Asks: 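My questions will all concern the structure given below.
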Amino acid sequence: MRKPDIHDLLKTRFGYDEFRPLQVDIIQTVLAGRDALVLMPTGGGKSLCYQLPALCLEGLTLVVSPLIALMKDQVDALRANGVAAAFVNSTVPASEARGILAEARSGRLKILYIAPERLAVPGFSEFLGSANVSLIAIDEAHCISEWGHDFRPDYRNLRVLRERFPNAPVMALTATATAQVRDDIVGQLAIPEARQFVASFDRKNLTYTVRPKRRAFDALLELLRQHAGGSAIVYCLSRQNTEDLAADLGDEGIRALPYHAGLDASRRRDTQDRFIRDEVPVVTATIAFGMGIDKPDVRLIVHYHLPKTLEGYYQETGRAGRDDLPSTCVLFYGASDRHALSGFIEQIEDETERERAWQKLRQMVRYSELHTCRRAFLLDYFGEVYDQATCGNCDVCLTEREEFDATEIAQKVLSAIIRTGERFGAAHIVQVLRGGRARRVLALGHDRLSVYGIVRDHDRAELHEIVSLLENAGLVRRSADQYQTLAVTPGGREFLRGREPLTLARVKRVEADAPQPRPGLDHLDFDRGLFEQLRDLRFRLAQARNVPPYVVFGDRSLQEMAHYAPQSCESFSHISGVGRVKLDEFAGEFLEVIRGYAESHGLVERRKPQRETRRRRNLRREGSTHRQTLDLFLGGLSIADISRRRRLAAATIMSHLEDLIAADVTLPLERELPAPERLTRIREAFATTNSRSLATVRGLLGDDYSYDELRLVRAWLDQQHRRNVDASGHTAEAPPS
């Protein structure tokens with residue numbers, strides 16, 4: 001029997017046109033029977049790496065996950081796509097669990113999720129002995145390693161799966177693992193020959209921003225109002241912080257619920273469910289919240305307090321924009337948080353652990369005080385080289401900066417560091433330079449130094465910024481301990497001796513608003529009114545099915561619907577996230593809303609470009625709907641004739657012809673064109689407006705010209721352009737875009 005094509009399954013089952021980086025290689029590796037270790041950041045598409053091959057293999061795919069909430073969400077999503085999946089964990093009654101295992105044993109299930117503890121449950125070993133397991137996927141695989149940040153002893157029992165099913169490939173997946181942890185994973189699971197895949201840690205759709213912790217609550221309110229209509233998580237340092245902040249937000253009219261480990265399990269579950277189902281837009285949480293939540297449309301992550309580590313910060317920001325749409329991550333940074341964390345660290349009794357905690361906090365502080373690209377710093381921390389001059393999507397790279405002559409101020413700062421003995425932090429140096437009367441400055445006699453009070457014309461914030469700029473320039477270094485004392489580097493001393501001029505770049509606007517995500521980054525200019533109506537429909541359908549809204553369709557799908565305004569099932573099937581099952585179940589209701597809105601607001605369907613070359617080849621496949629239209633058109637039938645013959649809207653037939661042209665099929669469109677004088681006017685209108693928008697061209701020409709007529713001419717112009725390119729052998733001037 002011919003095995004299913006993975007590209008066809010990607011579209012028909014999951015509704016996507018393209019794989020993400022590494023996914024094809026990973027899937028083909030396990031389909032070839034090889035083990036794999038997958039290191040892919042949160043939101044990178046790990047789940048598909050085992051869900052899709054499960055549909056290609058004859059037996060059962062067994063997925064081990066410690067995250068109970070994630071199991072249910074993923075099973076809901078798989079069932080919505082027509083995949084037979086189930087889970088067995090501590091929330092499932094014993095009688096129901098026996099029924100699920102019986103289904104898995106009989107072959108009626110393709111994917112079964114289990115918790116690692118299940119291996120120790122009486123009777124489960126007998127199930128394994130009778131099950132036809134063809135793939136084993138171990139999620140959160142770092143939990144098997146004592147070197148990892150979330151070691152779980154039950155994971156050590158998973159080695160038995162390799163022993164029980166020696167011929168089934170094992171796929172271990174994790175979002176965070178050092179080289180040492182990766183080695184431990186393959187050793188503990190007995191998969192020494194596993195092919196290792198390490199994806200980029202760069203989340204291009206995330207905007208990273210650090211804001212000073214001044215009037216932070218007012219700034220938070222503004223952020224949440226800017227992102228109204230989306231979901232947000234606000235991370236806090238303590239349990240009390242989460243409850244106080246949720247109450248304060250509620251007083252301002254923003255629905256928010258707290259979440260922390262001190263709440264009883266039912267309340268935590270209720271908060272999580274209401275957030276996932278879009279019933280509550282904001283959760284104020286400790287780091288206890290987020291693990292196992294598969295919500296793809298979180299648009300804002302705020303760290304209201306300083307995180308303890310960059311690993312934790314990266315993992316928590318990774319819960320934003322898992323659908324690849326632009327999302328924002330904001331960190332409020334102030335010295336008070338740093339001091340609070342210092343107190344926690346000082347309570348660590350083990351000296352080695354305490355020193356490690358100081359090192360991690362030091363890196364977190366460095367990130368927060370950066371004046372260079374934050375994305376580059378994060379990637380470098382995780383061992384990935386970022387070779388771009390600017391990322392264009394963090395506050396440092398987005399904020400306008402200005403160069404200034406820093407020669408004199410740098411000399412004064414460096415001299416103050418040396419004169420005080422290179423034994424003090426930035427706050428003390430700033431006090432000395434500004435002539436402060438702090439008790440310690442006076443007690444140490446630093447008010448009698450020649451550098452005392454020589455920079456009274458700069459405020460504290462400016463001087464702290466300059467110290468950071470000098471550190472970034474390699475002229476100053478900070479100690480790695482809790483005191484963060486400043487010292488002048490050899491390069492700094494050479495600068496003082498040489499008296500060479502020094503130019504630095506600083507923020508031009510001190511009080512800049514938080515940068516917004518880059519327009520055009522995987523982002524459509526969609527109709528907001530239609531999008532909101534589609535969101536309302538999605539919410540109602542999800543409520544009726546008792547699933548999260550994103551299980552029906554994600555935001556990306558709704559944005560495409562609100563941009564392309566599909567008018568037929570054929571064009572609706574091209575929307576991202578629309579597979580065969582969802583097309584059958586949801587197309588009618590969504591098309592009804594789209595058509596009604598389009599009619600009342602004058603929207604015209606736009607053709608979605610088909611980028612996947614495999615799909616373009618399939619347009620001409622024998623028996624395909626496009627091939628049927630092509631054969632009739634080449635046979636001499638008009639668009640109107642084909643519409644009647646096939647009982648499809650004329651707009652759908654036109655969509656077929658446009659898709660065929662995009663796939664380099666030459667069509668005899670000339671017989672359908674309007675009279676020569678009308679054709680000339682339409683061509684001139686497209687050239688004058690330099691736009692493919694039918695509404696724009698019709699606005700220039702007037703209501704005497706129909707959208708169908710303009711659409712036909714646009715398709716003909718596209719075909720003419722392609723002919724010119726082929727004839728010249730090089731790229732000609734492109735038609736309007």
Side-chain angles (χ1 to χ4, degrees), residues 10-11 13-23 40-49 51-52 69-70 73-74 76-78 80-81 175 199-208 227-233 272 275-278 281-283 290-301 314-329 393 516-526 528 530-532 534-535 537-539 541-542 547-564 574-579 582 586 590 608 611:
L10 182 69
K11 180 59 183 173
R13 286 293 191 179
F14 299 95
Y16 302 122
D17 296 319
E18 296 178 313
F19 284 100
R20 293 185 181 184
L22 295 184
Q23 285 181 330
M40 193 174 281
T42 301
K46 292 191 296 294
S47 302
L48 188 77
C49 294
Q51 290 175 350
L52 193 146
L70 182 63
D73 292 345
Q74 292 203 352
D76 284 342
L78 285 166
N81 283 319
S200 171
F201 279 81
D202 186 11
R203 297 285 307 282
K204 292 183 172 65
N205 62 311
L206 300 187
T207 302
Y208 297 107
H227 291 80
S231 297
I233 304 173
Q272 186 168 291
F275 180 69
I276 288 173
R277 295 172 187 272
D278 289 349
V282 181
V283 169
M291 289 297 291
I293 289 184
D294 201 26
K295 186 172 174 59
D297 54 356
V298 176
R299 291 288 159 252
L300 175 66
I301 297 286
Y314 179 82
Q315 187 176 58
E316 287 146 21
T317 57
R319 288 162 192 153
R322 294 178 64 161
D323 53 8
D324 272 352
L325 292 179
S327 303
T328 304
C329 306
N393 207 22
Q516 296 302 303
R518 288 178 292 177
L521 177 66
D522 232 355
H523 184 63
L524 291 172
D525 180 20
F526 56 91
R528 305 283 168 170
L530 176 54
F531 177 76
E532 289 303 323
L534 294 171
R535 279 192 66 187
L537 173 61
R538 176 180 69 177
F539 184 79
L541 293 172
V547 296
Y550 62 79
V551 167
V552 177
F553 284 120
D555 279 1
R556 175 181 290 275
S557 301
L558 299 193
Q559 288 185 11
E560 286 196 8
M561 293 178 204
H563 174 78
Y564 294 110
H574 298 323
I575 297 297
S576 175
V578 178
K582 288 188 178 181
F586 298 122
F590 277 89
K608 182 182 178 183
R611 294 177 294 176

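None of the values given here were measured: they were computed from a predicted structure.
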Asks: Flag the pair Pro326 / Thr207 as yes when at least one side-chain heavy-atom distance between them is below 4.5 Å, and no otherwise.
Replies: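 Side chain of Pro326 against side chain of Thr207, heavy atoms only: no contact under 4.5 Å found.
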Asks: Of all heavy-atom pairs between Ser327 and Ala320, which one has the smallest distance, and what is that distance?
Replies: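 Shortest heavy-atom separation between Ser327 and Ala320 comes out as CB-CB, 4.0 Å.
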Asks: Hey, are Lys295 and Asp297 close enough for a salt bridge, meaning a charged N less than 4.0 Å from a carboxylate O?
Replies: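 So Lys295 pairs with Asp297 through a salt bridge.
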Asks: Applying side chain to side chain contact (heavy atoms under 4.5 Å, CB included) to Gln74 and Gln51, what does each step give before you reach the verdict?
Replies: CA-CA 10 Å; Gln74 292 203 352; Gln51 290 175 350; 3.4 Å; yes
Asks: At what distance, to the nearest 0.5 angstrom, does SG of Cys329 lie from CD of Glu316?
Replies: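 Separation between the atoms: 10.5 Å.
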Asks: What is the ring orientation for Tyr314 with Phe201, classed by angle as parallel under 30°, tilted 30 to 60°, or perpendicular over 60°?
Replies: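 Plane angle between 30° and 60°, so tilted.
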Asks: Might you point out which heavy atoms bring Asp525 and His563 nearest each other, and give the distance in Å?
Replies: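 For Asp525 and His563, the tightest heavy-atom pair comes out as O-ND1, 3.2 Å.
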Asks: What heavy-atom pair brings Arg322 and Arg20 nearest, and what distance separates the two atoms?
Replies: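 So the minimum-distance heavy-atom pair works out to O-NH2, 3.5 Å.
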Asks: Would you check if the side chain of Arg203 reaches a backbone N or O of Pro41 as a donor-acceptor pair within less than 3.5 Å?
Replies: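 Absent.
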Asks: Would you compute the distance between atom CD1 of Ile301 and atom OH of Tyr208 and round it to the nearest 0.5 angstrom?
Replies: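 Ile301 atom CD1 to Tyr208 atom OH measures 11.0 Å (nearest 0.5 Å).
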Asks: Could you check whether any side-chain heavy atom of Phe275 comes within less than 4.5 Å of a side-chain heavy atom of Ile233, counting everything from C-beta outward?
Replies: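 They are in contact (side-chain heavy atoms under 4.5 Å apart), so the answer is yes.
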Asks: Between CD of Gln272 and CG of Asp73, what distance do you get to the nearest 0.5 Å?
Replies: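 Those atoms lie 7.5 Å apart.
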Asks: Indicate the atoms forming the closest heavy-atom contact of Ser231 with Asp278, along with that distance.
Replies: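 Result for this residue pair: OG-OD1, 3.8 Å.
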Asks: Any donor-acceptor pair under 3.5 Å linking the side chain of Ser576 with the backbone of Ser557?
Replies: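 Checked: no pair found.
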Asks: To check you understand the geometry: which heavy-atom pair defines the closest contact between Gln23 and Gly45, and what is its length?
Replies: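 Smallest interatomic distance, heavy atoms only, reads NE2-O, 2.9 Å.
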Asks: Any donor-acceptor pair under 3.5 Å linking the side chain of Asn81 with the backbone of Gly579?
Replies: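 Judged by distance alone, no pair lies under 3.5 Å.
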Asks: Can you measure from CG (Leu10) to CG (Asp17) and round to the nearest 0.5 angstrom?
Replies: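 Going from CG on Leu10 over to CG on Asp17, the span is 7.5 Å.
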Asks: Apply side chain to side chain contact (heavy atoms under 4.5 Å, CB included) to the pair Arg13 and Leu52, showing each step before the final yes or no.
Replies: CA-CA 9 Å; Arg13 286 293 191 179; Leu52 193 146; over 6 Å; no
Asks: Within a strict 4.5 Å, meaning less than it, do heavy atoms of the Arg319 and Val298 side chains meet?
Replies: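 When only atoms from C-beta onward are counted, Val298 and Arg319 do not touch, as no gap falls below 4.5 Å.
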Asks: Can you check whether Asp76 reaches Pro548 side chain to side chain, under 4.5 Å on heavy atoms?
Replies: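 In contact.
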Asks: Backbone N or O of Phe553 within a donor-acceptor pair of the Arg538 side chain at under 3.5 Å?
Replies: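 Indeed, once roles are kept as given, a pair shorter than 3.5 Å links the two residues.
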Asks: Do side-chain atoms of Lys11 reach the backbone of Gly577 as a donor and acceptor pair under 3.5 angstrom?
Replies: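 Answer holds: no.
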Asks: Would you confirm whether Asp555, through its side chain, and Asp323, through its main-chain N or O, come within 3.5 Å as a donor-acceptor pair?
Replies: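 No.
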Asks: For a side chain to side chain contact (heavy atoms under 4.5 Å, CB included) check, start with the C-alpha distance between Leu541 and Phe590, then their side-chain angles and the critical distance, and finish with the verdict.
Replies: CA-CA 10 Å; Leu541 293 172; Phe590 277 89; 3.5 Å; yes
Asks: Looking at CZ of Phe531 and CE of Met561, how far apart are the two atoms once the value is rounded to the nearest 0.5 Å?
Replies: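 Rounded to the nearest 0.5 Å, the CZ-CE separation comes to 10.0 Å.
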Asks: Given 3.5 Å as the limit, does a donor-acceptor pair link the side chain of Lys582 with the main chain of Val552, or not?
Replies: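 Between the backbone of Val552 and the side chain of Lys582 there is a qualifying donor-acceptor contact (under 3.5 Å).
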Asks: In the structure I gave you, are the side-chain heavy atoms of Arg535 and Glu532 within less than 4.5 Å of one another anywhere?
Replies: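 Arg535 reaches Glu532 side chain to side chain.
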Asks: Starting at CG of Leu48, measure out to OH of Tyr16 and round the result to the nearest 0.5 Å.
Replies: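 It comes to 8.0 Å.
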Asks: Do Arg299 and Leu325 have side-chain heavy atoms sitting under 4.5 Å apart?
Replies: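 Result yes, sub-4.5 Å side-chain heavy-atom pair found.
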